[in-house]
Amino acid sequence: MADDTNPKDHPTGNAEKDPHDWTTGGEPMTGAQASYLKTLSEEAKEEFDDTLNKADASMKIDELQEKTGRGR
């Protein structure tokens, strides 16, 4: 029997995807990621790493949001 589940029926069902599974995760971070990450890094008094790729930048943003309280 075929799987009748259509992901388009639940468009947010897979919205939380592991950054390591992103097809573009190895690409350089976006400008928006860089800007937000720089702000979070300054608030957390951490060094801003401009060499992160999209996936690593996303995970660092999550980490710094927790550290700074912006993730609440």
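Position 1 is the first residue of the sequence, and the numbers go up from there.
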Residues in side-chain contact (heavy atoms from CB on, under 4.5 Å) contact with P19, at least two apart in sequence or another chain: W22, A55, S58, M59
message: Checking K54 now: which residues fulfil salt bridge (charged side-chain N to carboxylate O under 4.0 Å, His left out) with it, not counting sequence neighbours?
response: E27
task: Please name the pair of heavy atoms, one in G26 and one in N53, separated by the smallest distance, quoted to 0.1 Å.
output: O-CB, 3.6 Å
message: Which Ile, Leu, Val, Met, Phe, Trp or Tyr residues join I61 in one cluster when any pair of side-chain heavy atoms under 4.5 Å counts as a link?
response: M29, Y36, L37, L40, F48, L52, L64
statement: The side chain to side chain donor-acceptor pair (under 3.5 Å) partners of D49 (sequence neighbours excluded) come to T51
- prompt: Do E46 and E63 come within less than 4.5 Å of each other through their side chains, counting heavy atoms only?
  reply: yes
- prompt: Does E43 have any side chain to side chain donor-acceptor pair (under 3.5 Å) partners at least two apart in sequence or in another chain, and if so, which?
  reply: R70
- prompt: Do any N or O atoms from the side chain of E42 and from the backbone of T39 form a donor-acceptor pair under 3.5 angstrom?
  reply: no
task: Taking side chain to side chain donor-acceptor pair (under 3.5 Å) as the test, write out the residues that go with D21, two or more places apart.
output: none
